[in-house]
Structure formats: structure tokens, C-alpha cells
Amino acid sequence: MKERFFKYQSQTTPHPLAMEISHARGSYIYDTNNNAYLDFVAGVSACSLGHSHPKVVSAVKNQLDNYLHVMVYGEYIQKPAVDLCELLAKNLPDSLEKTYLVNSGTEAIEGALKLSRRATGRSQIIAAHNAYHGNTMGSLSLMDFEERKAPFRPLLPDISHITFNHEPHLKHITTKTACVILETIQGGAGFIEPKNNYLAKIRKRCDEVGALLILDEIQPGIGRTGTLFGFENYNCIPDILVTGKGLGGGLPIGAFTASSKLMDTLQNHPKLGHITTFGGNPVIAAAALATLREITESDLMSQALEKEQLIRTHLKHPLIKEIRGKGLMLAAILFSEDIVNQLVLKAQAHGLILFWLLFEPKAIRITPPLTISNSEIIKGCGIIIDLLNSMQSK
């Protein structure tokens, strides 16, 4: 199968990990030799309830018996999508009341950018240095990594950048700005949290000049930071909220949410202001609904904060410089890129799945399922410490 994988399936890097998957359950992934791997990554924060959670699987199976795709988004009334949007609204501030369901986080970013320009009549978009919002053309345009952008230019025009947590840059948000788009916690940059009430100050500046604030919660949303949405930790409510990843329970989804007044601008002038065929797919919406219900009706969010402290307690080592992030969105920052590369590869050989961050080469991603047990956390941290000990002794 590995030979066919490289022959027929397009790759994203020259050297993928290339584990051959047999099945996955709970906090474990199994390869075709029936080796078990404890998952500290959760499909890059996507599998909120772990692998093959029974309530998600049951919801999918039940929906399969009713209907699959029936019509493009927004034309027919499909109960799973309506229920999902309603449950989101019930768990959000009153100003975030209407949701547009799409197929991925990056597509939701595209919709949010379009909405901000449509609603304000302005063109300038302000993003952050070291931002990552996806890889479609609009999302790619928000990056400031020229090495990644140059091969695909020309990209979306009128993009400016400010430095996350750098308050003097607030002056760059003006009456020409359609929107400011920020990750609530910067992901690819190294899980950097807002400090000194930074997001509230961004919110205030946007209000002063009539710009919209988009918060990208594709990673920190859906319970991962101890609250259902990361912005709840930072005294800031966005005009447009973008979610994805963990909302789908392991299936592909994205969503952007705003007030009815904002969202309704996509209905007219022109009609069909944003279109998707498979957004709100009933099977995926059913999986997302089951995921959201389980997270909001259980104590998984409070557990995320307790598990964060457990990880911080058990991941102390001279080769670990610091641990950044909140809840179960954590990054262990090591002292060199080489140690990171060795640790990711050796951990897999020892039955633990770790992964890199996109732009911070000294970081190890630790984003396990919210359902991971305390004993599994201690086991995984023990593997990391043992491997770091072996590297340190050489």
C-alpha cells in the first residue's frame, strides 16, 4: 500500500510519516501491523471526542439511513444543519446568531472575508504577522511568509499586517479597514495567547473606525481551551466567528457566524453572495451536532483545564524551554529544531503521535482529544520524558 500511496496520491511534503492506518478508537490509532499509537495530536485538533466516538458514529449511521446530499446549501430545510446552527447560537452571545456552514476552516475564512468586504464596502484587510488561516488563495493572502506566498502570486490585494500583542500597531486600523482577522490564539506561530487585554483593545479600535473583527477559532474553538470558544477567555466578542476542525468530530466542516444583519447581506446584491454545494451536508452536520452536544452537556471543557495542569506537571525537562497555550491546545517549546525533529520521529517509533507546528520549528504540538484520560496523558508524557532523557545523555 505504501508504494501505491506514493504513486497515486499527491503528497504535501517530500517525506510524509506514511503510517499505514488500520483503525482508530478513543485515544489510539492502530496501524496495519496492529501496533497501537497514543494520539497526542487528534488529527491536528480535529478529533475533539477522540476516534470513532460512539455518539458521533451513531449519529452518522442514523443520518445515513435517512438521506445524504439532497440540494445545494440553503435551499432545502435539513434538520441536522438547522439543529446544529441553533445549538451554536444558543451557546454564543446574542450578536452571533446566524451561521453559514461550509466544508472546511479555510472555506469559512473565505466566506468571512467576503462578508466583511460586502458589509463594509471597504477593501483593506488587516491580519497578523505569523498568522495561519488556511491555504486557499484568500487565506494564503493573509500570511506574511513570502517563501510560501511567492510561488502563487498574484494573491488577494490590499492586505496589511500588524504584530500580535503589539498595541502600537492598533493605529494601523483605520476607516479604510474592512476587517481585522486574528486567531484567538496564534496556532502556527507557536500557540501564542493574547496578553494585556489585547483582543479587547482590538475590539475597541474596530468599533471606533467601523471595521469588523473576525476571530479565527478553527483551532481554539469547540471546548479545547476550557470554554466552548476561545474568545470567552479574553473579554472580546467578534463580529464574525470562524470555526472548523473540532466541530466536525472527525469529519470535514467549517462555519462562520455573525449577526443576522451581517449574514443577510449575502442574500442580495448580488443574490448567491456565497455558494457551496456540500456545506451543511446532513451526515457531517449530524456528526457535528453530536460532537457539540457531548461537549456542551459534559464536563469535558472543565476537564481540559485540569488536563492542561496534568500535562504541565509531567512535562518538565531541561530540554523543554516552556509550554505555551491553554487547555488542550498546548505546544512544548524545545531548545532546537533538531531535538523537535528527533522527538516527533522517535515518539512514533515508541507508540506516541506528536507533530510539528507550521511556523515555529522549535515547537511540539500537544493537542490530544478532549476525551483523553489522565492515565493516557501520564503515559504519553512519560514517553516524551524518556526520549528526551535519552537524547540528553548522548
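Note that the numbering runs from 1 along the sequence shown for the chain.
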Checklist entry - Are Y30 and Y37 close enough that their ring centres sit under 6.0 Å apart? => result no
Output yes when a side-chain donor or acceptor of [X] lies under 3.5 Å from a complementary backbone atom of [Y], and no otherwise.
| X | Y | result |
| --- | --- | --- |
| D39 | I29 | no |
| K307 | N374 | no |
| S58 | P54 | no |
| R122 | T177 | yes |
| Q11 | F5 | yes |
| D299 | S302 | no |
| S139 | N135 | no |
| R224 | L328 | yes |
| S22 | T32 | no |
| E360 | G190 | no |

Looking at [X] and [Y], does any basic side-chain N land under 4.0 Å from a carboxylate oxygen?
| X | Y | result |
| --- | --- | --- |
| E337 | K362 | no |
| K90 | E86 | yes |
| E110 | K114 | no |
| R203 | D207 | yes |
| D144 | K149 | no |
| E376 | K379 | no |

I'd like to check [X] versus [Y] (side-chain heavy atoms, cut-off strictly below 4.5 Å). Are they in contact?
| X | Y | result |
| --- | --- | --- |
| L84 | L247 | yes |
| I295 | L370 | yes |
| T367 | V44 | no |

Checklist entry - Between atom CG of L101 and atom CG of L88, what is the distance when rounded to the nearest 0.5 Å? => result 7.5 Å
Item to check | Heavy-atom neighbours of H350 NE2 exceed 12 at 6.0 Å | outcome: no
Next on the checklist: Can you tell me if I77 has over 12 outside heavy atoms packed within less than 6.0 Å of its CD1?
Outcome noted: no
Item to check | Derivation of the side chain to side chain donor-acceptor pair (under 3.5 Å) call for S373 and S375 | outcome: CA-CA 5 Å; S373 68; S375 61; 3.1 Å; yes
Would you tell me whether [X] and [Y] have side-chain atoms, one donor and one acceptor, within less than 3.5 Å of each other?
| X | Y | answer |
| --- | --- | --- |
| D216 | H133 | yes |
| T184 | E217 | yes |
| T136 | E107 | no |

Item to check | Of all pairs that satisfy salt bridge (charged side-chain N to carboxylate O under 4.0 Å, His left out), the ones with a partner from residues 151-179, not counting sequence neighbours | outcome: E146-R153, E167-K201
Checklist entry - Does the pair E208 and K204 meet the rule for a salt bridge (charged side-chain N to carboxylate O under 4.0 Å, His left out), with working shown? => result CA-CA 6 Å; E208 288 171 353; K204 182 174 183 292; 2.7 Å; yes
Holding to ring-ring contact (aromatic ring centres under 6.0 Å, His included), I want the full list of residues that pass it with [X], two or more places apart in sequence or in another chain.
| X | result |
| --- | --- |
| H129 | H161 |
| H274 | Y100, F256 |
| Y198 | F164 |

Donor-acceptor list for residues 229-236 side chains, cut-off 3.5 Å, not counting sequence neighbours:
| from | atom 1 | to | atom 2 | distance (Å) |
| --- | --- | --- | --- | --- |
| E232 | OE2 | L228 | N | 3.3 |
| E232 | OE2 | F229 | N | 2.8 |
| N233 | ND2 | T225 | OG1 | 3.1 |
| N233 | ND2 | T227 | OG1 | 3.2 |
| N233 | ND2 | G230 | O | 3.3 |
| Y234 | OH | E193 | OE1 | 2.4 |

Item to check | Pairs flagged by ring-ring contact (aromatic ring centres under 6.0 Å, His included) wherever residues 282-328 is involved - sequence neighbours left out | outcome: none
Checklist entry - Do you know the tightest heavy-atom contact between L334 and I320? => result CD2-CG1, 3.6 Å
